[in-house]
Structures are given as structure tokens and as C-alpha cells.
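To keep things clear, I will list the structure first and then write my remarks on it.
The structure displayed is predicted, hence computed values, not measured ones. Each chain gets a letter, A, B and so on, in the order the sequences are listed, and its residues count up from 1.
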4 protein chains.
Amino acid sequence: MDGFQRRRELKKRNILEAALALFMKHGIQKVSIVEIAKEANVSQVTIYNYFESKHKLIHEVFIFYINKAVVDFENIIEAKLPFPEKIKKIIFNKKEVASQIHEEFYHYMMKEYTEGNEIEKLYNEKAIPYFIKLFEEGKEQGYVDPNLSNEAILFYVHMLKEYIQKEEVYQKILPLTEDITNIFFYGVVGNKEV
Amino acid sequence: MDGFQRRRELKKRNILEAALALFMKHGIQKVSIVEIAKEANVSQVTIYNYFESKHKLIHEVFIFYINKAVVDFENIIEAKLPFPEKIKKIIFNKKEVASQIHEEFYHYMMKEYTEGNEIEKLYNEKAIPYFIKLFEEGKEQGYVDPNLSNEAILFYVHMLKEYIQKEEVYQKILPLTEDITNIFFYGVVGNKEV
Amino acid sequence: MDGFQRRRELKKRNILEAALALFMKHGIQKVSIVEIAKEANVSQVTIYNYFESKHKLIHEVFIFYINKAVVDFENIIEAKLPFPEKIKKIIFNKKEVASQIHEEFYHYMMKEYTEGNEIEKLYNEKAIPYFIKLFEEGKEQGYVDPNLSNEAILFYVHMLKEYIQKEEVYQKILPLTEDITNIFFYGVVGNKEV
Amino acid sequence: MDGFQRRRELKKRNILEAALALFMKHGIQKVSIVEIAKEANVSQVTIYNYFESKHKLIHEVFIFYINKAVVDFENIIEAKLPFPEKIKKIIFNKKEVASQIHEEFYHYMMKEYTEGNEIEKLYNEKAIPYFIKLFEEGKEQGYVDPNLSNEAILFYVHMLKEYIQKEEVYQKILPLTEDITNIFFYGVVGNKEV
DNA sequence: AATGAATGAGGGTTCATTCAT
DNA sequence: GATGAATGAACCCTCATTCAT
């Protein structure tokens, strides 16, 4: 990659970072191209030169975000930690990519995700295998009921993770961390063994 | 309430119904005042006469929605059903108010909800007591661990309910209903008694 | 038609007049909605309120123009004039609707005209019958070869009329009026009878 | 001309060809410099280096086009064909330079042509003499009334040629070819000798 | 009280042209 | 000399809100 291309990549990354930050803070519809351009210190048109349209920019921001998230996620899974700690980290650790995620950003992304496009492919190829590996580990160690389908557990983890990441929810449930972890592992019925 | 006022209230209700329907279908930002006016068969200005601004209209729509939701919710709680059935109904029953809720509507509402305003007050006064009553019932019948805080269970139920109501999630998890219910009651560890 | 509607129609007409004038002067692509709005002393948005889009405005301008043209045209046909005078008037008389017609306006209109839509219908219903009547009159009086198809004559008249109306052509051919008329009637071979 | 210059001329020609092709297909205003650059496989700036501005590029494209057209035209005039065949070819033969000419291109060119600049000079010097020669030939052979001014005949030929070349007209008048040729030679009064 | 009409501000997008390498 | 990158200005269009009747 020569100097030209390197600079191009750098600028593209700048724009993606700026867009990601703004989308996470204010959602997608409320963020205008002008704002992103200002945040990234480029002209509007430069953004169009790189991304063609707002729609395609959003798409690339998603991919950018997922790639970042997957790296953080990988680190947790591969770490030397007891299973429950990993789960806790995955669900509660907001520091992975961004501390505040705007709901609408998630919504848009999930919509793209469910429409069977590139983002879904990326997610399936990169993230799911780690999850499966994690759950199998949990099953082996007796932390997870082997009769449960991986899909169902995945759903639960996703939901918790996503819901807790909402800025308006996060602060409310911090004192409930223990209880929520308990419910995740033992359900509302509770741990009868203890 | 004289005839004038009654007609006034009726018209207001018409507008609220129209706005609610459109918000749920398309989100809030994408629905314009003109559209609402058309749907409600009134002039735009009439909407302004009644609600001052779009922002305040949205606010009143939320209150309107919650009041409706609470009624549906009340019916479930007071019904003669075993505890687990009530929980299932609350979590999975999409028919309560609307079959398809647009994500963004929820987001806006939740934001209003957490900003300590009228909507929160309404919710706290009307909905929470029913939940508490339900959970106490669950605890008495041995379905719920008495050591768990009501807040944590509330959080869990809310989360499941909200997450499942998303149109893009709903269809994916239908086959997982049993597993999800099991995790809710017994956690990922599973029911060791069986 | 009440006061409201009358004023509405008046304003619509104003906008159409302004648009028509500008389109004829500068063509269509070069004329922006802002310019039309300024010329008509209204806001841009008012134009959108009346016409929805530039495309539809253009369409209505065409219809407006054709209706005007047909009236002028009718007057000539129905007038008590010898046949050759009528033809001359039709071909050379620029004062009918506008003194200067921008080429591109014609181009756009003809495109619409050939795409089998409302404009074609309008033209066929309103203008063609007068032409046919005129040509039949010419044939009866011996001014027109009865073996010629009406389509061919129509084509010829159209072509001459349109071509001469071009601002860049008009001034050049004024001194040639006699010759051109002669060619129209007797062809380049000339009137052998004389 | 050394190697440098030859390569320069070649590139210039490439750009002109590309621009001409695009202008003829889509008109002038709708074709952007970027598109021309892409079609010619050069950078936009290269175009500016050679032509200074879009306006001047258009100008040079016109000259380029006329030169090409004149050559085709010359071939017809110098061919061994009876006079009426030459006329027919000139008027109806669309294959001379391009089969489909976008109207707007003609318009622009004609405007330049009438503004007393280089293009007019070129046309007067190169094309007109051939026309005059052709008409004199016609007069000698009795096909053209010697009393008619060459300007008037030129006007007629031009008009027919140009009008027929319009893509939206061409197909409509194909079945009328005979009649139109007849009108050109004998006028609407028709050939009384026959 | 209710309405049709009107508007200023802003959104996404395109383009001829210039800058910097 | 040639290029990719960058830009200011303009365009079409939308919307929450206000005006005038």
C-alpha cells in the first residue's frame, strides 16, 4: 500500500470513527452528513467521494463497528478466566467498544443484520463460532444445561448484552448486577442447591 | 363535560390514535405532522391548537399508550391463571396493544421514561404495583426465589418483553419459546430437580 | 368556486406563467425552482405544495402551454382568411403564445408528447382536428395535393413552425419568408405554371 | 510533431471522442466532467489541463464534430449519384456521424453557431461551399427552381435534416419518406405535370 | 375554533473546478 | 505532466411551524 492509499485509508477511518461516534450518541437519522464532515474535519463531498451515499456510509460504519466489537469479544473468550467471569464480562462490560450506545444505532444495525446481507455474514462467520465455543465450554464445565439449544442461550446473552448497553438502562441496573447474573444462571426460581 | 368539551376530547383522541398508529408503524422521526393530520382527518393547525408542538404531541401519545397498555396488563394479572402462564402471556403476548411496535417508538418512550417526568410517574403509579403483586404471588407459590429483589425480576421481565416485541426479533425466537421460558425460570444451569 | 379556490387557481396560474416564461427563455434544466419561486413571488415550498415536484410542474406547464397555443391556433383556423394566409400565419406567427421559445423546452415537451401520455391525448383531441379541417379546406380549394397524406403535411407544417420558432433561426430567415412559403407550396422545383 | 506532441494530440482526441459520444447520447448538461474522464480513461484534471473549462471543451467538441460531419457530407456531394438521391441521403441518412443525436447537443451547437464565432466560420468555409455547389448542380439539371435563393434552399435542407435526426421524430416519419420527399421537390400543391 | 396557505431552515446529493502530491 | 483528493455552491426536496382568513 503506497502513500496515497495509506492516507486514503486513514481518512476513511477518520470518517468512520467520527460517524460511529455520532451515530452512537445521537442515533442515525438525527446525524447529518454535515455534522459528520465537521467532526471528521473534511468536506461533505469528501464523504460522498468515499462512501457514495449516507446509506452506504451507515453500512460501512456497521461493518467497522462489528469488526471492532469482534476483536474485543475474542479477547474475552480466549482469556484465562472462569466461565462465569467471561459471561459477566461479555454481558456487563460496556468498555469493549463504546461506553454509550444509542438505541437507534442498534436498531438500524439489527435491521441490516436480519436482512441477510453482508453484515449478517460477517457476524455469522466471525462472532457466532466464538459464542458456540464458549457455550460448549460452559456445558463441559457444568455451568450450562446441555439440553439447552445454543440458539436459546445466544438469544439470552444477546438480549442481556444489548439491553444493558442502552444508556438509559445501564445506570439503573448497576446495583442489580449480582441478582441479574443469578437469574441468568439459575433463573427466577433460584439456586435450590445452595 | 358539556358538548363542546366532549367533542374536543373526541377529536383529541382521534389525533392521538392516528399518531400512535403511525408512530408504531414507522417510528417517530419519519412521521410528519401532515401525515398525522391526514390520518386523523384534521388540519395540521388543529394539531398545534391541541398539542402546541410535535414534541408535546409525542409526549401525550406516550401517556395515551401507557394507559392503554396498563389496562391490558391489568387484565392478565387479575386473571385466573397459574403463575407461569401469566408470565408467559406478559412476555410473549404481542396482542396487548399493537402487534407490531416500531423500535424507535419504544426508544423515545423509554428515554422519556427515564427522564423522571410524568410518564415515569404514571408508570410507577399504575404498572409497578401490579408487577409487585404478581411477583409476590410467584414467591408465595414457590415459583420465584424470595431472595431476589423485585427490581431485578422486573428488569428481567421488562427486558424479555421489550426485546421480544421487536419486529425483527419476534419471528426468530418463536421456535425457542420453550427454551426461553425454561431459562427464565431455571437459568442456563437448568432445572437440576428434574 | 369560492374565494379560497379562486385565489388558489390564481396563484397556480401565476406560478405556471412564471415557469413557462423562464423555461422558454432558458430551457428547463437551467431553471431552478428557486428562480421560478422568485419570479412568481412565492416561496419554493409553495410550488411544492401546488405541484409536488419539478417534474410534475414541468408537466403542468406543458399542458398550460398547449392549451394556450390551441386557443391561438383555433383563432387562426376559424378566421376569414384565404388558405395560404392561414398557413403563413400558423408557420410564421410567433406572437401566438411567446415570442421566444427556448429549444430545450420544445425538446422536453416533444418527448412527453411522444411518450403517449396526457399531453399527447390533449394534443390529439384539441389540435389535430383543426389541422385536418384546415388541410381538407386546402385540398378542396386546390391548394393542396389531394394525394398527400394528412400526416405528411402535418409533419411539414409542424417542422416549419417549430424550426422557425427557434430564437436563433427566426431572425436569419425573416428575409426569406417569400421563398420559404413558395417552397412550401411549390417545392424546390418551383411553380411551373407561372 | 514529435513524440510528445503526438501523444498529446492522441489523448486530446480520445477525450473529444469520449465527450462527443456522451453528449450525443445524453445531452450536454447531464454529462459531467467525471463521466467524460472515466470514459476517456484520464483524470478530470487532465481534461482541465487540455481544455481549461467545460465550456471550452464543449466548444472544441463542436469543432471536432463539424469536421467529422463535413467529411461525411463531402462524400455524398462528390459521389456519382443523381441529384435527388443526394438530397435524400443528406436529409434522411442518419448514419453520417451518429445514429442517434441528442437534441440538446444540437441546440447548444446551433447556439454557438449563430453567435458568430469560430464554429460559424468553420461551417461557412467548409460546408456551405459544398451545399452551393450541390444546389447549382440541381438548378442546372432542372431539379431546382433557379429563382430560389440558395439561402432558402439551404434553410429547407437544414431544417429537414435536423428535424428528422431527432430521435423522437425519426421513427414517426419513416413511412412518410416518399411524401416528404415529394413535398420537398413539388410542395404541397404537388407535381401537376404527372 | 378551524383551516388552507406559506415559510425558513435544513437534509442528502451533484458538479465544475482547484489543490497538493 | 498527470493524478487522486478536496471543495463551495447549487439543486431538489421535506418538515415543523406560523400566518391569514
Side-chain angles (χ1 to χ4, degrees), chain A residues 2-5 7-8 10-12 15 29-37 40-58, chain B residues 4-5 7-8 11 29-37 41-58, chain C residues 2-5 7-8 10-12 15 29-37 40-58, chain D residues 4-5 7-8 11 29-37 41-58:
Chain A
D2 59 18
F4 265 122
Q5 275 223 313
R7 221 170 320 130
R8 189 184 168 84
L10 205 72
K11 204 147 217 173
K12 218 174 157 178
I15 295 170
Q29 297 182 68
K30 287 248 169 171
V31 174
S32 75
I33 296 284
V34 186
E35 283 172 285
I36 298 172
N41 277 322
V42 296
S43 145
Q44 284 190 65
V45 187
T46 301
I47 294 181
Y48 280 92
N49 283 341
Y50 282 114
F51 300 97
E52 286 188 49
S53 71
K54 190 182 183 184
H55 188 78
K56 290 195 178 161
L57 168 62
I58 293 166
Chain B
F4 266 121
Q5 275 225 314
R7 228 174 309 137
R8 188 183 167 85
K11 214 161 203 175
Q29 297 182 69
K30 291 244 167 168
V31 173
S32 73
I33 295 286
V34 189
E35 283 173 282
I36 299 171
N41 278 321
V42 296
S43 147
Q44 313 177 45
V45 189
T46 302
I47 294 181
Y48 279 88
N49 286 339
Y50 284 118
F51 300 96
E52 283 187 55
S53 71
K54 191 184 183 184
H55 188 77
K56 292 196 177 161
L57 168 63
I58 294 166
Chain C
D2 59 18
F4 265 123
Q5 275 224 313
R7 222 171 317 131
R8 189 184 169 86
L10 205 72
K11 205 148 219 174
K12 217 173 160 180
I15 295 170
Q29 298 181 68
K30 288 247 169 172
V31 174
S32 75
I33 295 285
V34 186
E35 283 173 284
I36 299 172
N41 277 322
V42 296
S43 147
Q44 285 190 65
V45 188
T46 300
I47 294 181
Y48 282 92
N49 283 341
Y50 283 115
F51 300 97
E52 284 188 51
S53 70
K54 190 182 182 184
H55 189 78
K56 290 195 178 161
L57 168 62
I58 293 166
Chain D
F4 265 120
Q5 275 226 312
R7 226 173 312 137
R8 190 184 164 84
K11 214 161 203 176
Q29 297 181 68
K30 291 244 167 168
V31 173
S32 73
I33 295 286
V34 189
E35 281 173 285
I36 299 171
N41 278 322
V42 296
S43 147
Q44 314 176 44
V45 188
T46 302
I47 294 181
Y48 279 88
N49 286 340
Y50 283 118
F51 300 97
E52 285 188 55
S53 71
K54 191 183 182 183
H55 188 77
K56 292 197 177 158
L57 168 63
I58 293 166

In whole angstrom, give the distance that lies between atom [atom1] of [X] and atom [atom2] of [N].
{"X": "A/His55", "N": "E/dT13", "atom1": "NE2", "atom2": "P", "result": "10 Å"}
{"X": "D/Asn41", "N": "F/dT3", "atom1": "CG", "atom2": "C1'", "result": "14 Å"}
{"X": "C/Phe51", "N": "E/dA6", "atom1": "CZ", "atom2": "P", "result": "11 Å"}
{"X": "B/Ile47", "N": "F/dA16", "atom1": "CD1", "atom2": "P", "result": "10 Å"}
{"X": "B/Ile36", "N": "F/dT17", "atom1": "CD1", "atom2": "C1'", "result": "14 Å"}
{"X": "A/Asn49", "N": "E/dA16", "atom1": "CG", "atom2": "P", "result": "13 Å"}
{"X": "A/Ile58", "N": "E/dG11", "atom1": "CD1", "atom2": "P", "result": "14 Å"}
{"X": "B/Lys56", "N": "F/dA16", "atom1": "NZ", "atom2": "P", "result": "17 Å"}

Report the nucleotide, chosen from [options], that has the shortest atom-to-atom distance to any side-chain atom of [X].
{"X": "D/Ile33", "options": "E/dT17, E/dA6, F/dA6", "result": "E/dT17"}
{"X": "C/Arg8", "options": "F/dT14, E/dA5, E/dT14", "result": "E/dA5"}
{"X": "B/Ser32", "options": "F/dC15, E/dA5, E/dT7", "result": "F/dC15"}
{"X": "A/Lys54", "options": "F/dT18, E/dT17, E/dT13", "result": "E/dT13"}
{"X": "B/Tyr48", "options": "F/dT3, F/dT17, E/dT18", "result": "F/dT17"}
{"X": "A/Thr46", "options": "E/dT13, F/dT18, F/dA6", "result": "F/dA6"}
{"X": "A/Lys11", "options": "E/dT7, E/dT17, F/dA6", "result": "F/dA6"}

Given that A/Gln29 and D/Gln29 both sit by DNA chain E, which one's nearest nucleotide is further toward the 5' end? A/Gln29
5' priority, DNA chain E, between D/Val34 and C/Val42 [closest heavy atom]: C/Val42
Determine the minimum heavy-atom distance between [X] and [Y], stating which atoms define it.
{"X": "A/Ile47", "Y": "A/Ile33", "answer": "CD1-O, 3.9 Å"}
{"X": "C/Gln29", "Y": "D/Gln29", "answer": "CB-OE1, 3.3 Å"}
{"X": "D/Lys54", "Y": "D/Val31", "answer": "NZ-O, 2.9 Å"}

Using only modelled atom types and a 3.5 angstrom limit, is any donor from either the side chain of C/Gln44 or the base of F/dC12 paired with an acceptor on the other? no
Hunt down the Watson-Crick or G-U wobble partner of E/dG12, both distances under 3.5 Å, from any strand shown, or write none. F/dC11
Using both distances under 3.5 Å as the test, list the Watson-Crick or G-U wobble partner of F/dT3, or none. E/dA20
Pairwise 5' ranking along DNA chain F for B/Glu52 and D/Tyr50, keeping only the more 5' one: D/Tyr50
